[in-house]
Protein chains: 2
Amino acid sequence: MPDPNQMILATFIHNSGAHPGGWRWPGAPAVDQHDFAHFAHLAQTAERGKMHCYFSGDSQGFPSISGKDAFAATDYAGKLEPTTLLAALAVVTKHIGLIATASTTYNEPYAIARRFASLDHISKGRAGWNVVTSASDGEARNFGRDLNMDHDARYARAEEFVDVAKNLWDSWEDGAILRDRDAARYFDPAKVHELGHKGEHFSVAGPLNVARPPQGHPIIVQAGGSGPGRALAARTADMIFTAASSVEVAKEFRDDMRARAAAFGRNPDHVKIIPSVQLMVRASEAEARRADEELLDLVPEALALRTLSLQLGVDLSHLSVNDRLPDLPETNGGKWVQQSIIRMAREEDLPIGLLARRVVVSRASFSYTGTPEQVADLCENWFRAGAADGFSLSPNYQPGVLEDFVDQVIPILQKRGLFRAEYEGDTLRENLGLPRPENAFVANPALGCEPRMWA
Amino acid sequence: MPDPNQMILATFIHNSGAHPGGWRWPGAPAVDQHDFAHFAHLAQTAERGKMHCYFSGDSQGFPSISGKDAFAATDYAGKLEPTTLLAALAVVTKHIGLIATASTTYNEPYAIARRFASLDHISKGRAGWNVVTSASDGEARNFGRDLNMDHDARYARAEEFVDVAKNLWDSWEDGAILRDRDAARYFDPAKVHELGHKGEHFSVAGPLNVARPPQGHPIIVQAGGSGPGRALAARTADMIFTAASSVEVAKEFRDDMRARAAAFGRNPDHVKIIPSVQLMVRASEAEARRADEELLDLVPEALALRTLSLQLGVDLSHLSVNDRLPDLPETNGGKWVQQSIIRMAREEDLPIGLLARRVVVSRASFSYTGTPEQVADLCENWFRAGAADGFSLSPNYQPGVLEDFVDQVIPILQKRGLFRAEYEGDTLRENLGLPRPENAFVANPALGCEPRMWA
Ligand SMILES: Cc1cc2nc3c(=O)[nH]c(=O)nc-3n(C[C@H](O)[C@H](O)[C@H](O)COP(=O)(O)O)c2cc1C
Ligand SMILES: Cc1cc2nc3c(=O)[nH]c(=O)nc-3n(C[C@H](O)[C@H](O)[C@H](O)COP(=O)(O)O)c2cc1C
């Protein structure tokens, strides 16, 4: 069992890096983001550091108010699809969790449940699914729509989607496969269940055509910040990603999420809240400041302004860099990042140019460069303040930032007793200290329907 | 360049084996079909034999007129999802092609194009996509429908689906990614294209968010046997799988497909036709006959009858094993297998029990057990008769049947100059002797639409 006084550490997969100037960083190798070897090295580095999981974000298109020319200055130019990438990474790693984003808005539950079940089998119990609802019209347009589904409708669909996926994972009970050669019984039909699900958004007969995943259910991750997003996370998620610009914002968010989970009858300790952070280390404070500036200087102003527009979901190209942010119309995109940015702009009365430079670095996440001791202090402070169960590192450039974190920060956290020296269990769930879910069909024999398909 | 006088050899991935008695074969290890190591060994064995490709079939559900109890006697009980499995296999192999089935009926082109592009990048140009239209109502019921889409409608959708996928693969030109740090240009926007596709079945803006695959397009495979199925294959496929019960049926099929490809203005040599075959080797003819019988004796009669019903798409459970096959209503399922079975029943005037025993072994494919020389002769005869460009081995049980083929049959074919001693190229396309497709947006600058999404 993991020690509850120790933190969770994850890392995000980026092409060249989380910082938009990262790919131009002279000290980093030029990364081919379609080359599997790059990601294999990163996952193995994170595993060398005993980190809990490696996470690949995703979207199924391009954001709609980007600007082709401005965006040509970023490495935002295609990437490997997460479930295939993580399946391949499962083969070159042994312990680290493998989490992929998949959208409930432009997918079907049977197909998603299957791919994550398969990933969980291939990795022997290390899969996780970051449930997102897709915030951009650019994705909608690749799936037969002109505009994205409404925010609330997306979350209503997501709620049903996750429930169906969980029941599909349970449709084969543990131990349903017998392989009894003498009796000519490969499986036990009594342990295979049909859902006969007919809901508002989906009708799905089942059973799944993959056996129950080793973890029972792959880990469910969620990162919604709005009311409906938080409700979905509190009811269904094992782990919650968030962007928090300060320890106070993070604490407020974690307190709220734990209370919401408890209100759903859940043990709040079974919901792990992990803010994403852009941390870098340097030998001195002076070098840290210089690194921040040099990285930011690699980002063209046009790109910074476009990124601000994109994050706000509103085109700002008619404004000048010295203007203040106007009042903004409500959008149909993600709410949390937009609200965090507006709060930052108002509290510090930032002109758009400066705000754009701030936002382009880390969107609404926390970004900090310091000495290894300072970075370890920061992690310790947030953790002890109850602002986080751990962190998801977003490396500004790669592989250097992750390597530095593993080689210079993790040993300090280990020495302080704040991070483990070895993986405790075999599966991601075990390494997170989360219970294996009971099978819904075992818990509730009335679930499902009379066999029809098999009749 | 591959020698055109040499044959193509592929192998199918099965859980325990293609033969429904295979999982009970005492000489084979008990296979856990969710254990990646099993498939890794098979793919590496096929690669040791310099075989062209390793193929995973797929369906997104269970057939609708199966019988839960009868089917408990088969290993048809869940499997790893093909694109995740093949991505993982890409890491433990270097040369062999990796082909996965994906349905155009219960998927969206953007999602499929992405996954296969990703698999092509991860495998450095070894991906193939077997385009199927999904023949069973059991799949439909997992995707919100009670019955499958009509046969013709499925193929109409498939035609548009494949065209959109190909254009998505072309939406990033070769060389679009620059990584020019000094000029702050990660990619060249002029080489990234929107499709703005608005068709009868799909509207897809594009571009894809994966760079052009190493092969340009992953290999397209098709296995339709009906008129619309053959038309789709002849127009779009690089490779065609088929089930042929005799050399005459195979020759007739290949002649027809080559003529159809030529009628579409294609070079028929760029369409490789590969019947699937269940071949086993034994030291003598007597041992071969005994092996066939022993395997068949491992299949319960109820399973054989259920399998016959399933393959015909018609419930036969009210008939006795001594009855002859009645006239059958036309179904909405696959046509080719049904017609081949009916032909077999009528030509040999087989009672249902015997027909079921025949069909359960190999459906409509060719099945033969002989000495290594006899099996090599058979391959040579079909190949020289113009009945096949090569074969896809369906091993009756695993890993033994594949190992025997690699160790005992392939060396004979190599000695006869009918099979290569080494992989000729780096990509699957090169190893098949197929040209890399031209980019549609380069060939036709009027294709696509004015940038909108990026505006
Ligand atoms: C750390 C973090 C990671 C995220 N990863 C993804 C992702 O991979 N794909 C995606 O579409 N959205 C991602 N999101 C966006 C959220 O899913 C969500 O849309 C956003 O936080 C807005 O919340 P709301 O939809 O509840 O308003 C991420 C958000 C955060 C904070
Ligand atoms: C060798 C071979 C492999 C096939 N593999 C698959 C498969 O993996 N998934 C699937 O749904 N259908 C598969 N099929 C079925 C075909 O896609 C097709 O539905 C069938 O041949 C009937 O043809 P028709 O649809 O043109 O009538 C396969 C057929 C053959 C001959």
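Letters A, B, ... are given to chains in the order of the sequence lines, protein chains preceding strands, and every chain is numbered from 1. As the structure is a prediction and not an experimental result, all values here were calculated from the model.
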Calculate, to the nearest 0.5 Å, the distance between atoms CG and NE2 belonging to A:D32 and B:H121 respectively.
8.5 Å
Name all pairs fulfilling the salt bridge (Lys or Arg N to Asp or Glu O under 4.0 Å) condition that reach into residues 73-83 of chain A, sequence neighbours left out, sorted by first residue then second.
A:E81-A:R115
Could you walk me through whether A:R181 and B:W23 pass the side-chain contact (heavy atoms from CB on, under 4.5 Å) check?
CA-CA 8 Å; A:R181 288 178 172 187; B:W23 72 272; 3.8 Å; yes
Among residues 173-180 of chain B, residues within the sub-4.5 Å heavy-atom range of chain A, in order of number, are B:I177, B:R179, B:D180
Yes or no on side-chain contact (heavy atoms from CB on, under 4.5 Å) for A:D35 and B:K124, after CA distance, side-chain angles and deciding distance?
CA-CA 8 Å; A:D35 182 3; B:K124 307 243 182 264; 2.9 Å; yes
Between CG of A:D120 and NE2 of B:H34, what distance do you get to the nearest 0.5 Å?
11.0 Å
Would the distance check show the side chain of A:N142 and the main-chain N or O of B:G206 forming a donor-acceptor pair, the cut-off being under 3.5 Å?
yes
Quick check: closest heavy atoms across B:V31 and A:Y186, and the distance to 0.1 Å?
O-OH, 3.6 Å
For the residue pair B:A87 and A:A87, what are the closest heavy atoms and their distance?
CB-CB, 4.2 Å
Can you sort out the partners of B:W129 under ring pair (Phe, Tyr, Trp, His ring centres under 6.0 Å), two or more places apart, ordered by chain and number?
B:F116, B:F161
So how far is it from A:L85 CG to B:L119 CG, rounded to the nearest 0.5 Å?
11.5 Å
Among residues at least two apart in sequence or on other chains, which ones pass side-chain contact (heavy atoms from CB on, under 4.5 Å) with A:A90?
A:L98, A:I122, A:S123, A:R126
Spacing of OH belonging to A:Y110 relative to CD belonging to B:Q60, to within rounding of 0.5 Å:
8.0 Å
For chain B, the option from A:P26, A:P109, A:G144, A:A111 that forms the most heavy-atom pairs under 4.5 Å
A:G144
